[in-house]
Structure formats: C-alpha cells, structure tokens
Amino acid sequence: MQNIQRLLFISLCLFAAISPGYAQSSQQTNKVDTTHNLRKVRILGFPVVTYTPETRVGYGAAGIAIFRLGNDPLHTSPSQVSIGLGYTQNKQQLYYVPFQLYTNRNKFNIYGEAGYYKYPYYYYGIGRHTIPKELYSANYPRIRLSVLYKWAPHYYAGLRYNYENYRMDSVTPGGELAKGTVPGSLGSVSSGAGIVQILDKRDSTLYPTKGYWMELALLFNTTGLGSTYKYQQYSYDFTYYKRVYKNVIWASELFTKYMHGTVPFDQLAFLGGNRKLRGFYEGKYRDKRSLIIQTEFRSEIYRRFGAAVFGGVGFLGNDDNKYVRFSLPFWAYGAGLRYKVNKNDHLNLRLDYALANGKGNFYATFGEAF
C-alpha cells in the first residue's frame with residue numbers, strides 16, 4: 001500500500017516543482033513582479049498512472065494547490081496541499097490528502113497526510129516463520145503529522161504523531177491470521193507520538209548530486225493515546241550523494257528500524273517495495289527490526305534519457321537477536337532507465353527491473369528510490 005501512496009504523492013511533486021523554477025526566473029528580471037507572482041495560488045489537476053508488483057497497474061486523479069505563507073515569499077519555500085484518489089488492478093482503493101506547509105522564512109515545516117485506504121494484501125508470516133501466502137483485506141483511516149522547527153541552517157527538529165485504525169475485513173479461512181494469535185490479526189489501533197530530527201544538506205530534493213540527508217525519529221505508541229498495543233519504534237535514515245564522474249552520481253542509503261514491545265503485524269519493519277530493496281514484494285519479509293543498505297549509480301545518457309544500476313542487502317531481526325540476523329541476508333539488484341519529465345528540477349520517470357531470490361519485478365514510478 002505505501003508504494004502506490006508514495007508514487008501518487010511524488011507525481012504531485014512533479015507539478016509542484018514547476019512553481020519554484022518559474023519564480024526563480026522571474027526574480028532575475030523583476031523583483032516586484034516576482035513577489036506578486038509568488039503570492040499567487042496555483043491549482044493544478046491531472047491523472048496518474050503507475051505500476052508496482054504489489055498493485056500492478058494503478059491509476060487515479062490528483063489535484064494540488066501551491067502557495068506561499070507569510071510576508072516574505074522570496075525567502076519562503078512553496079507550501080502544497082494535495083488531494084487524490086486511486087484504484088489499482090488488484091482492487092486496492094486509496095483516498096488521501098498529503099500536505100507540506102512552510103511558514104514565513106521556513107521557520108516551521110509542517111507536513112503529513114490524512115487518508116482512507118481499502119486494500120487486499122498477502123501475508124507471508126513474520127521473521128523466520130514463513131508460510132504459504134494468505135490473502136486478507138483491510139481498511140483503515142490514517143493520520144500522520146510532523147511539526148518541525150528550524151533550529152539552525154539545514155537542521156529541523158520537532159514532534160510527530162501517527163494514527164491508524166486497522167480493521168480486518170476478511171482473512172483466508174484456516175490460515176494463521178484467522179486463528180487470531182498474531183498481534184493485530186483481529187484489527188488494531190496504532191496511535192503514537194514522538195520526536196523527529198532532520199539534517200538536510202542536499203543540493204536538490206528531487207535529484208541530489210551532492211550532500212546528504214539524515215532523519216532520526218522516535219515514536220511511542222501507548223494505550224494512553226488510544227493504541228491497542230504498547231510499543232516503541234526508533235528509525236534512522238541516512239542518504240549520501242556524490243558526483244564521481246561528469247554526469248555519474250553515486251547515491252547510497254542506510255536505513256534501520258528498531259521496534260520494542262507488542263507490535264501489530266501490519267506495523268512491523270519490512271523489506272521490499274519500490275524504495276526499500278527493490279525486487280522483494282513489499283511486506284513479504286517483516287519483523288521487529290530491519291537494516292537496509294543500498295547503493296546506486298545514476299547517469300545521464302542522452303538529452304532527457306538516463307540509466308541506473310543498483311544493488312542492496314537487507315537484514316531482519318527480533319528480540320531473540322542482539323540486533324538483526326546478519327547470517328540471513330536478503331540480496332537484491334537490478335538496473336533501470338530514466339526519462340527526465342521536468343528539466344528544470346530533474347524529476348525522472350523511473351523504469352526499474354530488480355531481481356531478488358531469483359525472481360524479477362518491474363517498477364514504473366516517478367522520482368528516485370532514495
């Protein structure tokens with residue numbers, strides 16, 4: 001599910017990215033006219049089509065409003081409020097409103113989403129305990145909100161709240177979920193609050209060529225906040241970018257998530273999807289802890305066309321391990337083509353083919369994996 005949601009949101013960013021580029025070119029010619037243009041609200045609507053192994057073909061429609069808050073639009077990033085709906089070939093439905101707001105001079109960065117999702121999924125078990133896939137269906141509303149303050153150049157820190165009411169519609173008769181012994185198999189509410197820190201020194205958000213981005217988040221789900229289970233999660237995400245030769249960019253990511261307590265199965269750390277170890281079906285392998293290391297070489301080839309080769313390894317673990325099971329790695333690798341749909345901001349249509357466990361999967365998405 002998270003794949004198609006991210007893909008639609010990235011598609012929105014394709015159109016949102018046009019606004020800053022337009023503003024910059026205006027500033028060079030007429031500052032007064034630029035200020036007037038930046039204060040305008042731009043509203044766009046468009047169709048969206050994607051493909052991932054988890055959804056097959058996904059299609060829908062989206063709209064976005066782009067504007068600037070405060071009295072200094074020249075030094076304030078554009079805010080975005082979007083609305084979208086989607087339906088996939090696997091009969092998955094999603095309705096959502098993602099948003100990102102910057103207050104005057106970017107002192108506050110407020111972002112998140114509100115949405116409702118109705119999805120059939122496959123469940124393969126947890127950790128080392130793998131089982132024949134079971135089909136189940138769930139629906140849930142979701143709220144995610146982060147409020148960050150800019151404490152120093154490139155550094156934001158603040159609070160985060162996540163809410164999800166996961167309701168099971170159907171399960172495979174006689175399967176593991178039908179027995180009700182797996183946490184969350186009868187449905188659950190996850191409601192957690194915590195802190196998040198971000199250090200962003202990339203030269204671009206859509207196609208970085210140098211610098212790094214780092215996020216550290218701690219989230220506490222408690223019954224006092226309405227959560228069915230009490231558990232904590234800690235995550236760390238670090239990405240690094242370097243130009244190694246002319247148009248060749250080396251990008252690498254280290255991502256880890258650590259969870260403690262009784263965690264519902266739908267909230268566990270997982271491998272796979274179009275971003276975290278392409279090639280694996282998203283959520284096929286899940287557990288309380290994950291560690292993912294992946295790297296990619298990206299290059300422009302001719303005009304708007306580019307290519308990439310990538311590879312990575314992932315590990316899972318639980319309370320029985322000191323950290324993760326390093327003796328059981330999950331390897332994935334592949335290659336892909338890129339088509340630059342927005343030259344000013346270098347946003348790519350990404351076509352990837354990835355191999356994992358001897359099986360290949362195809363992805364057609366917007367934006368880089370990391």
Side-chain angles (χ1 to χ4, degrees), residues 1-2 112 121 123-131 138 140 142-148 157-168 176-177 179-199 214-239 253-273 275-277 280 282-294 312-330:
M1 186 285 303
Q2 295 180 1
Y121 291 95
Y123 171 75
Y124 293 86
I126 298 173
R128 295 183 179 182
H129 177 59
T130 57
I131 61 174
Y140 49 95
R142 167 186 285 170
I143 298 174
R144 290 182 173 177
L145 176 65
S146 297
V147 181
L148 278 64
L159 302 176
R160 173 172 292 174
Y161 174 75
N162 288 351
Y163 171 86
E164 195 170 288
N165 188 350
Y166 205 79
R167 292 170 286 194
M168 304 289 283
E176 186 171 278
L177 293 179
K179 297 176 183 178
T181 56
V182 177
S185 58
L186 301 178
S188 65
V189 175
S190 293
S191 180
I195 59 175
V196 59
Q197 302 178 75
I198 292 177
L199 182 61
M214 181 170 56
E215 180 190 89
L216 176 65
L218 297 83
L219 205 62
F220 302 90
N221 291 265
T222 68
T223 54
L225 291 173
S227 188
T228 304
Y229 301 99
K230 183 179 179 179
Y231 64 97
Q232 301 85 44
Q233 66 182 53
Y234 314 89
S235 64
Y236 175 76
D237 197 352
F238 177 80
T239 54
E253 179 184 36
L254 184 151
F255 174 83
T256 184
K257 179 176 283 190
Y258 181 99
M259 311 185 83
H260 178 73
T262 303
V263 187
F265 79 95
D266 56 283
Q267 298 294 317
L268 289 169
F270 61 84
L271 305 179
R275 288 177 170 269
K276 297 291 188 275
L277 218 59
F280 289 102
E282 183 180 72
K284 181 176 182 178
Y285 301 103
R286 62 179 75 200
D287 213 328
K288 281 188 172 182
R289 302 171 190 173
S290 68
L291 172 64
I292 298 171
I293 303 170
Q294 51 185 351
V313 61
F315 305 89
L316 294 174
N318 56 29
D319 295 337
D320 296 331
N321 312 112
K322 290 183 178 180
Y323 180 37
V324 293
R325 296 181 288 270
F326 286 107
S327 60
L328 294 175
F330 296 86

### Query
Does some side-chain heavy atom of Pro183 sit less than 4.5 Å from a side-chain heavy atom of Val263?
no
### Check: Arg275 main-chain N/O paired with Gln294 side-chain donor or acceptor under 3.5 Å
yes
#### Entry: Residues in side chain to side chain contact (heavy atoms under 4.5 Å, CB included) contact with Asp319, at least two apart in sequence or another chain
His260, Lys288, Arg289
### Task
Please report the C-alpha distance between Glu164 and Gln267 in whole Å, then the side-chain angles of each, then the deciding distance to 0.1 Å, and finally whether the side chain to side chain donor-acceptor pair (under 3.5 Å) criterion is met.
CA-CA 10 Å; Glu164 195 170 288; Gln267 298 294 317; 2.9 Å; yes
### Query
Would a 4.5 Å heavy-atom cut-off, applied to side chains only, mark Asn221 and Tyr229 as touching?
no
### Query
Quick one: does Val196's side chain get under 4.5 Å of Leu148's, heavy atoms only?
yes
### Selection residues 189-198 - residue pairs positive for salt bridge (charged side-chain N to carboxylate O under 4.0 Å, His left out), sequence neighbours left out
none
### Message
side-chain contact (heavy atoms from CB on, under 4.5 Å) for Arg128 and Leu328? Distances and angles first, verdict last.
### Response
CA-CA 9 Å; Arg128 295 183 179 182; Leu328 294 175; 3.7 Å; yes
### Message
Aromatic contact between Phe280 and Tyr285, with the criterion being ring centroids under 6.0 Å apart: yes or no?
### Response
yes
### Query
Taking all non-hydrogen atoms of both residues, which atom of Ala269 and which atom of Met259 are closest, and how far apart?
N-SD, 3.7 Å
### Query
Checking Thr256 side chain against Tyr236 main chain: does a donor-acceptor pair fall under 3.5 Å?
no
#### Entry: Close side-chain approach of Phe315 and Leu271, heavy atoms under 4.5 Å
no
#### Entry: Interatomic distance, Phe270 atom CZ to Phe265 atom CZ [nearest 0.5 angstrom]
13.0 Å
### Task
Working to the nearest 0.5 Å, report the span between CD of Glu253 and CD1 of Ile292.
7.5 Å
### Summary
Glu176 meets the salt bridge (Lys or Arg N to Asp or Glu O under 4.0 Å) criterion, sequence neighbours left out, with none
### Contacts of Tyr231 that satisfy side-chain hydrogen bond (donor to acceptor under 3.5 Å, both in side chains) - sequence neighbours left out
Ser190
### Query
Run the side-chain contact (heavy atoms from CB on, under 4.5 Å) check on Leu216 and Tyr234 step by step: do they pass?
CA-CA 8 Å; Leu216 176 65; Tyr234 314 89; over 6 Å; no
### Task
Would you give the length of the straight line joining atom CG of Leu291 to atom CZ of Phe326, rounded to the nearest 0.5 angstrom?
5.5 Å
#### Entry: Contacts of Thr239 that satisfy side-chain hydrogen bond (donor to acceptor under 3.5 Å, both in side chains) - sequence neighbours left out
Tyr241
### Message
A side-chain contact here means heavy atoms from C-beta on lying under 4.5 Å apart; do Thr130 and Lys284 qualify?
### Response
no
### Task
Considering non-hydrogen atoms only, spot the tightest contact between Pro264 and Ser188 and give its length.
CB-OG, 3.6 Å
### Query
With a cut-off of under 6.0 Å to the ring centre and 45° to the axis, is Lys276 in cation-pi contact with Phe255?
yes
### Task
List for me each residue that meets salt bridge (Lys or Arg N to Asp or Glu O under 4.0 Å) alongside Arg325, sequence neighbours excluded, and say none if there are none.
Asp287
### Minimum-distance pair of heavy atoms, taken over all atoms of Gly314 and Leu277
N-CD2, 3.7 Å
### Reported CG-to-CE distance for the pair Leu199 and Met214, which is rounded to 0.5 angstrom
4.5 Å
### Query
Just wondering, do Val189 and Ser227 contact through their side chains at under 4.5 Å, heavy atoms?
no
### Message
Ignoring hydrogens, what is the shortest heavy-atom contact between Ser290 and Leu316? Give both atom names and the distance.
### Response
CB-CD2, 3.8 Å
### Summary
Taken to the nearest 0.5 Å, the spacing of Tyr121 OH from Met168 CE works out to 10.0 Å
### Message
Tell me whether Arg160 is salt-bridged to Glu215, with the criterion being a basic N under 4.0 Å from an acidic carboxylate O.
### Response
yes
### Summary
Value for OH (Tyr161) from OG (Ser146), rounded to nearest 0.5 Å, stands at 12.5 Å
#### Entry: Validation row: Ile143, Asn162 side chains within 4.5 angstrom (heavy atoms)
no
